[in-house]
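Structure, as structure tokens:
For the numbers below, each heavy atom of this structure counts, side chains included, while hydrogens, waters and symmetry mates do not.
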Amino acid sequence: MNKERNKKVLVLTSGGLDSILTLNIMKKTGLDVVGIHFLTWFNIPKHMLPEDLSGEWTSFDGFRIFNLDISKEYTAIMLSPLYGYGSAANPCIDCKILFLKKAKELLDSFGADFVATGEVVGQRPMTSRSTIMKMIEKKSGLKGYLLRPLSARLLEPTVPEELGWVKREDLYGISGRGRKQQMELASLFAVSDYPPPAGGCLLTEKNFRTRFMDLVSHSSNITINDLTVLRYGRHFRFSSKCKLVVGRNQKDNDTLERIKWGNIRIDVVNMPGPFSLMKWSEEIFHLRSALRIIARYSGYSGAPEKIVFRIEYGNKIKIISYIGKPDKILSDEKIIR
Ligand code: SF4
């Protein structure tokens with residue numbers, strides 16, 4: 001007997017409540033459900049790098065989630081978003097279109113029939129007006145094949161609804177910024193382990209915007225690692241070609257050690273101190289200034305004690321000692337806040 005296969009949906013998951021509910025709603029309708037988490041340098045836990053997760057299957061609440069690193073494509077839209085930035089460095093419209101385009105590309109390889117997201121009408125200022133949602137759907141190439149189960153009853157019926165793969169009455173008509181209805185749904189699905197609503201996207205943070213604007217105003221060929229490093233440590237600008245990043249704590253130090261950025265790696269070897277990376281333009285006074293700044297953030301208390309640095313520059317390693325004052329004024333002048 002020729003039994004028709006079950007329909008399958010790819011659910012874009014961010015780990016937030018709305019996407020957790022979407023996974024559950026889709027499962028309840030009887031569909032095969034696969035979660036997709038698109039990773040970039042900015043949307044994963046702080047001290048992880050995309051390569052730690054990419055290509056891995058993880059499971060969440062009984063759902064299988066596939067992690068895929070799209071940092072490269074993201075960097076391109078981040079640097080020149082067609083629809084501009086939101087209030088900080090968040091290119092939300094381009095971001096949504098990219099995520100959905102990538103999901104569309106994955107449909108065949110996962111044997112899936114359509115895509116679902118946890119988007120809610122009216123929840124976000126930039127991307128969740130219904131006209132913008134419609135435009136995003138069209139631009140992504142998913143027209144008709146993108147279901148937003150939490151708000152579906154407020155939107156035009158999709159192909160999965162028209163073809164009876166999903167019943168409209170199993171979907172919801174939630175809108176706005178409140179979470180009351182989502183929390184009620186969470187208890188209906190016995191979902192209790194979900195993150196708080198705020199937090200959210202790093203790109204919407206004002207401090208991140210400052211670092212990002214500093215980067216774009218001083219560099220032309222910006223790489224993924226130029227952006228990745230913005231998440232860690234303290235940043236100091238010496239000139240358009242010279243910048244220092246000083247680890248703020250042990251976790252920052254460990255992560256910075258893993259990032260290939262800059263042309264100098266500096267460690268403090270005779271006392272507790274930060275690990276630092278530097279893009280150095282070979283002016284010796286900038287390197288001296290950098291060492292005085294690093295001294296400030298180490299256990300160094302000044303002469304007659306000496307602080308010893310291990311400096312890796314290309315394939316050379318130098319050990320340099322410094323006796324003097326740790327420099328607070330210099331660090332405050334050059335820090336990118
Ligand atoms: S808030 Fe961040 S993740 Fe969400 S759409 Fe905007 S840029 Fe993308």
Side-chain angles (χ1 to χ4, degrees), residues 12-22 36-50 53 67 69-103 117-133 135-137 139-140 148 150-151 174-179 182 194-217 219 222 224-235 245 248 252 255 335-337:
L12 298 200
T13 52
S14 62
L17 176 58
D18 294 341
S19 55
I20 297 171
L21 292 175
T22 303
I36 301 287
H37 181 209
F38 288 123
L39 310 168
T40 66
W41 48 270
F42 77 85
N43 72 348
I44 52 176
K46 178 150 185 202
H47 292 96
M48 271 192 164
L49 298 176
L53 277 173
N67 296 287
D69 180 9
I70 59 162
S71 298
K72 195 165 162 225
E73 295 92 327
Y74 204 94
T75 301
I77 62 139
M78 174 88 200
L79 296 175
S80 54
L82 207 55
Y83 298 94
Y85 299 103
S87 57
N90 46 317
C92 291
I93 296 179
D94 296 80
C95 173
K96 295 259 181 203
I97 294 172
L98 175 67
F99 278 30
L100 291 169
K101 269 188 180 163
K102 297 301 293 179
T117 68
E119 291 166 283
V120 170
V121 172
Q123 188 180 61
R124 312 250 174 219
M126 206 171 166
T127 52
S128 51
R129 270 183 292 131
S130 49
T131 46
I132 297 286
M133 288 168 89
M135 182 276 276
I136 290 173
E137 177 180 334
K139 295 278 173 192
S140 71
R148 283 112 163 181
L150 291 171
S151 289
I174 301 174
S175 67
R177 298 173 72 88
R179 296 233 303 174
Q182 284 94 319
Y194 52 87
C201 173
L202 171 75
L203 306 188
T204 61
E205 292 176 12
K206 295 279 181 274
N207 290 353
F208 184 83
R209 178 186 157 83
T210 309
R211 288 183 174 194
F212 176 69
M213 294 319 286
D214 170 80
L215 175 67
V216 294
S217 61
S219 323
I222 294 171
I224 294 175
N225 284 352
D226 287 328
L227 293 162
T228 306
V229 88
L230 297 182
R231 295 187 81 181
Y232 305 103
R234 298 178 169 91
H235 289 228
V245 180
R248 208 185 273 270
D252 273 4
T255 313
I335 198 158
I336 307 164
R337 294 191 190 278

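- Residues M126 and P91 fail the side-chain proximity criterion, which asks for heavy atoms closer than 4.5 Å.
- Two residues are said to be in side-chain contact when any heavy atoms from C-beta on lie closer than 4.5 Å; E137 and E119 fail this criterion.
- Counting only heavy atoms from C-beta outward, the side chains of M135 and Y83 approach each other to under 4.5 Å.
- Ring geometry for H47 versus Y232: interplanar angle of 30 to 60°, hence tilted.
- More than 12 heavy atoms of other residues, nucleotides or ligands sit less than 6.0 Å from atom CZ of R248.
- Within a 6.0 Å sphere centred on NZ of K46, heavy atoms belonging to other residues, nucleotides or ligands number more than 12.
- Taking CZ of R177 as the start and CZ of R124 as the end, the distance is 7.5 Å to the nearest 0.5 Å.
- You'll find the side chain of L215 stays beyond 4.5 Å of the side chain of I336, heavy atoms only.
- Using a 4.5 Å heavy-atom cutoff, the side chains of W41 and T75 are in contact.
- Of the possible donor and acceptor atoms, one in the side chain of S217 sits under 3.5 Å from a partner among the backbone N and O of D214.
- Inter-residue side-chain proximity for F212 and M78 is flagged as met; some heavy-atom pair is nearer than 4.5 Å.
- Remark: D94 CG to Y85 OH distance equals 9.0 Å, nearest 0.5 Å.
- Two residues are said to be in side-chain contact when any heavy atoms from C-beta on lie closer than 4.5 Å; E73 and K101 fail this criterion.
- Between atom CG of residue L49 and atom CD1 of residue I44 there is a gap of 6.0 Å, rounded to the nearest 0.5 Å.
- Taking the six-membered ring wherever Trp is involved, the centroid distance between the rings of F38 and Y74 does not fall below 6.0 Å.
- For the atom pair I224 CD1 and D69 CG, the distance stands at 7.0 Å (nearest 0.5 Å).
- Separating the SG atom in C201 from the CG atom in N43 is a distance of 7.5 Å, to the nearest 0.5 Å.
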